[in-house]
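For reference, positions follow the sequence shown, starting with 1.
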Amino acid sequence: MLKFPDNFLWGAATAAYQVEGNNDRSDWWRWEKEAGKENSGFACCHYDLYELDFDLAKGLGHNAHRLSVEWSRIEPEEGKFSEAALKHYVDVIQALRARNIEPVVTLHHFTNPIWLADSGGWENKKAAAFFLRYSGHVVRALAKYVRYWITLNEPTIYFSHAYIFGVWPPQKKSIWKAMLVKNHLAAAHIKTYRLIHRIYKELKLQKPLVSIAQHMQAFVPCTSSVKNKFAAFLRHQWFNLGLIDNFVRHKALDFIGLNYYSRQLVDIEKWGIRNLFADVCKSTHHPVKKNAVGWDIYPEGLCDLLLKLKKYNLPVMITENGICTPEDALRWEFIFEHLEHMHRAMERGVPVLGYLYWSLLDNFEWDKGFGPRFGLIGIDYTTQQRTIRESAVKFKQVCQTGVLSNA
Ligand code: FCB
């Protein structure tokens, strides 16, 4: 039996574009059509059904919920802010508060307004200033009800998928552009961090807690060769910690938001810059279970990463951790084992604030469409019927009691 702290945050995460539906002012909306991808369409109709969904979360024992605000709704045209959209998100946050669910609000979760995309997206040197202006509007409207802010979701995943691998809009493949975007995102975070603190001070509110949600993988050397160990170290430093180090230097992190899903087995063919950053083991000599889209399930990686974050002396929140699978029993096994490993790290002194499962609902998984099922709650996309999965009921026990037991 494992016991978690009394005030621990338990819940799940979502992102606006993946659940709301009809985000037709967003660059993804246009891109999914142009690129011939599955369309997000109505998604989970969460824009209209949020109260129902929060009732379900409440019924599942959640006391926290992460959601994102869709920039393209708030600012559909450059410099024109929609009062109706802002009001909508005030209602959403109040609906959480009314259910005693702590909101964790993300300002940028991969999507941009079309006008921003058309003016160069995050390559535009004004992008950080645009983001700051938008964030100011949102934070002023929601400050009274929100304590936890995430400025950017997975900036490293965003710039690598959109500007290096070229699989997300705007589908560029340029290291140079990617680095430019990375710098603009970093500037946006630092400025927004300071702005949020300033607003809370002006409004005489209790200090907010601001972070990013950083995607981290467990980089595991496939053999103990010097090459592999060095490459795994390098990747960890660069992909996992690079931005965190930068923000800590700028005193622009109040906690660390950690999104953890999987491991990467590092096996490099030869000394070479590309090899060091990209080669992975292709053999099957370290078999582990996988999720429905082929990601290795590696719960021990969560403990390892948390221990590696101890040096920052900052609390950590698991802002995402989850599995897409058609087998719900595997979902519970996944949650159970990750909670065990999280607890192990906590016993060794890592201050963890909360655990937010990805995701509350099945949803639109970006370029992979609606196929992957991550939800604690299943969605029938033709009827919008919600079905609570068995894993959600098992997780509920933990959320309600703060105890993880085998029984
Ligand atoms: C993360 C994203 C989230 C979701 C999960 C599966 O990288 O932040 O939106 O797609 O992966």
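A cation-pi contact, defined as under 6.0 Å to the ring centre and within 45° of the axis, links Lys182 to Trp238.
Note: His46 and Tyr17 fail the aromatic proximity criterion, with ring centroids not under 6.0 Å apart. Here Phe81 and His137 bring their ring centres to under 6.0 angstrom of each other. Under the 6.0 Å cut-off for aromatic ring centres, Trp10 and Phe8 qualify, their centroids lying closer than that.
Scored by the ring-ring contact (aromatic ring centres under 6.0 Å, His included) test, His108 finds Trp122, Tyr158 as partners (sequence neighbours excluded).
Look at Glu20 and Arg73 and you find a salt bridge, because one of the NZ, NE, NH1 or NH2 atoms lies within 4.0 Å of a carboxylate O, short of that distance. Salt bridge annotation for Asp245-Arg249: absent, with no cationic side-chain nitrogen under 4.0 angstrom from a carboxylate oxygen. In summary, Asp55 and Lys58 do not engage in a salt bridge, as defined by a charged side-chain N under 4.0 Å from a carboxylate O. Ion pairing of Lys3 with Asp6 is present here, as a side-chain N (NZ or NE/NH1/NH2) and a carboxylate O approach within less than 4.0 Å. Salt-bridge check for Glu75 with Arg133: passed, with a basic side-chain N closer than 4.0 Å to an acidic carboxylate O.
The environment of CD in Glu269 is sparse: at most 12 heavy-atom neighbours from other residues, nucleotides or ligands sit within 6.0 Å.
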Just do the side chain to side chain donor-acceptor pair (under 3.5 Å) check on Asn153 and Asn259 with the steps written out, would you?
CA-CA 9 Å; Asn153 181 67; Asn259 290 1; 3.2 Å; yes
Between side-chain atoms of residues 365-378 and protein atoms elsewhere (two or more places apart, or another chain), which donor-acceptor pairs fall under 3.5 Å?
from	atom 1	to	atom 2	distance (Å)
Glu365	OE1	Gln18	NE2	3.4
Asp367	OD1	Trp168	NE1	2.9
Arg373	NH1	Asp362	OD2	2.7
Arg373	NH1	Ile379	O	2.7

